[in-house]
2 protein chains.
Amino acid sequence: MNTASFHANADLRLPRYQLIRDDLVRRIANGEWTPEQALPTEADLCEAYVVSIGTLRKAIELLVAEGVVTRTQGKGTFVRRPRFDSSLFRFFRFKSAEGQAVQPIGRVLKREIVKPNKAIRDALQMEPTEKSIHLSRVRLIDSKPVLREEIWLARPRFDALATLPLDDFGNLMYPLYERACRQIVASATETLTVEQANQEDAATLHVDVGSPVIMVNRVALDFAGTPIEWRTTRGAATGFQYQVEIR
Amino acid sequence: MNTASFHANADLRLPRYQLIRDDLVRRIANGEWTPEQALPTEADLCEAYVVSIGTLRKAIELLVAEGVVTRTQGKGTFVRRPRFDSSLFRFFRFKSAEGQAVQPIGRVLKREIVKPNKAIRDALQMEPTEKSIHLSRVRLIDSKPVLREEIWLARPRFDALATLPLDDFGNLMYPLYERACRQIVASATETLTVEQANQEDAATLHVDVGSPVIMVNRVALDFAGTPIEWRTTRGAATGFQYQVEIR
DNA sequence: AAGTGGTCTAGACCACTTG
DNA sequence: AAGTGGTCTAGACCACTTT
């Protein structure tokens, strides 16, 4: 095998399909292919990695299973952009006044440039002296607030957002990150807990103080696995529902 | 191909690995292999289905991905029994007084033979006149109740439990179902919602009335996909935490 | 028509488990 | 030593998309 194809740190005792998979994620993380460009064809990759098609396919099937790429017959293999639009619907059942399922509208209320607390600094792997951009955001349905969001971003990567007028932030954050800062969110980890509404929750979300509130903490990562956004979302537990399959 | 291998309803336009996968789940549902017995070897299955090893492996890899079977090199392929022990830990972080993670002890408090309400009857696919076994159960850590459970079982399948002394139910339900009624839980769907503690919750779980409570509704299925148990579990939201990965 | 991924073959050799 | 799954080959033909 042509070992020169692989990264220096690769453990050559691993199966070849595993080495190829690891090499492909490394190259995707390096931005070698964007979500719009197709990866090389199976034939080309077979030649480059000096393996047979079966081995190569096994590597790519791993990436498909992980959600890193999608394949379409006749078109090619593409880096996948995760669909966060539907993310909220995993947890909250939002309906408009007419009972239609709706995507809440996002609006940034406040921005400050601050040093984050230790928990956020650790999560974003920031130096103790580094500053972050902190955004306060609400999400509305029929002009009524349904979610409160606090967002922290490591300053250097998102410098463009430190000066952009708040009115230009638009409805969705992740397309903005991509447009204004060339930062693509590739995956995320969310942790759910339940709290009781404090004064601020009660005022913003129009619920009683002490009533249950869902808190979703999210750490969003780029393709290299580097954390780029820390976000906490709070919403009334009334609209909360989550379903899991167990095997 | 030897079409005689497949069930009459099989759609022969599907890929062979898909047909083989479907046939294997059908046979597993029929109880052809228990979780202790190995399935036939790859070589035997290749011969039986008249396909090459690559095609057969693809079928079995689907089952592995779905969690229906597990494979062990040198040993064989086995029907998988889902591990529900850890299920609670997906939602609740239970710790003993010493801070150790613990499995709560289960105790059945009450049993009645009743006609279930419509929601439960529908979930268990029961006839309007059929009766069910209703169990009330608590789960304890350090002798303190942490979870309240209400369980409904369709009478015919679980007749043995209608007369079994409550003291003989033991700690875990699913091993009991298997032992006493030969019913194996193969999968389940759980739905989480948040409520506020009522009087009974408050008394049993030692929380304040109105404080947040997690409710987990579970429908458990056998290998054939038939619902066999309906269960609702309630616990204080204080100990609740759930984590999800998004791609 | 050319190029892509999707399905499938008929083997080989290796690593692990059990008698 | 025999039997199991795990890895890998070097192709073939098919179905779909694009030119």
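As a basis for the values below, the full set of heavy atoms in this structure was taken, side chains included, without hydrogen atoms, waters or symmetry mates. So you know, we letter chains A, B, ... as the sequences are listed, proteins then strands, and number each from 1.
Nearest nucleotide to the side chain of A:Arg16, out of C:dT7, D:dC8, D:dT7: D:dC8. Candidate nucleotides C:dG6, D:dT18, D:dT9 were compared by shortest atom distance to the side chain of A:Lys75, and D:dT18 ranks first. Closest contact between the side chain of B:Ile53 and the listed nucleotides C:dA10, C:dG5, D:dG6 involves C:dA10.
A sub-4.0 Å separation between OP1 or OP2 of C:dT7 and a side-chain N or O of A:Arg57 is absent. One finds no side-chain N or O of A:Thr41 lying less than 4.0 angstrom from the OP1 or OP2 phosphate oxygen of C:dG3. The phosphate of C:dT7 (OP1 or OP2) has a side-chain N or O of B:Tyr17 nearer than 4.0 angstrom. For the pair B:Thr55 and C:dT7, the criterion of a side-chain N or O lying under 4.0 Å from OP1 or OP2 is not met. In this model, the phosphate group of D:dT4 is not approached by any side-chain N or O of B:Arg71 to a distance below 4.0 Å at OP1 or OP2.
Mapping B:Ala43 and A:Leu56 onto DNA chain D by nearest heavy atom places B:Ala43 at the nucleotide closer to the 5' end.
Side-chain contact annotation: A:Glu61 with A:Tyr17, donor-acceptor N/O pair under 3.5 Å absent. No side-chain N or O of B:Tyr174 forms a donor-acceptor pair with one of B:Gln183 less than 3.5 Å apart. Defined by atom type and a distance below 3.5 Å, a donor-acceptor pair is missing between the side-chain atoms of B:Tyr242 and A:Glu190.
Ion pair A:Arg137/A:Glu150 not flagged as a salt bridge, since none of the NZ, NE, NH1 or NH2 atoms sits closer than 4.0 Å to an Asp/Glu carboxylate oxygen.
Nucleotide C:dA10: paired with D:dT9 (Watson-Crick or G-U wobble, both distances less than 3.5 Å). Across all strands shown, D:dT18 forms a Watson-Crick or G-U wobble pair, both distances under 3.5 Å, with C:dA1.
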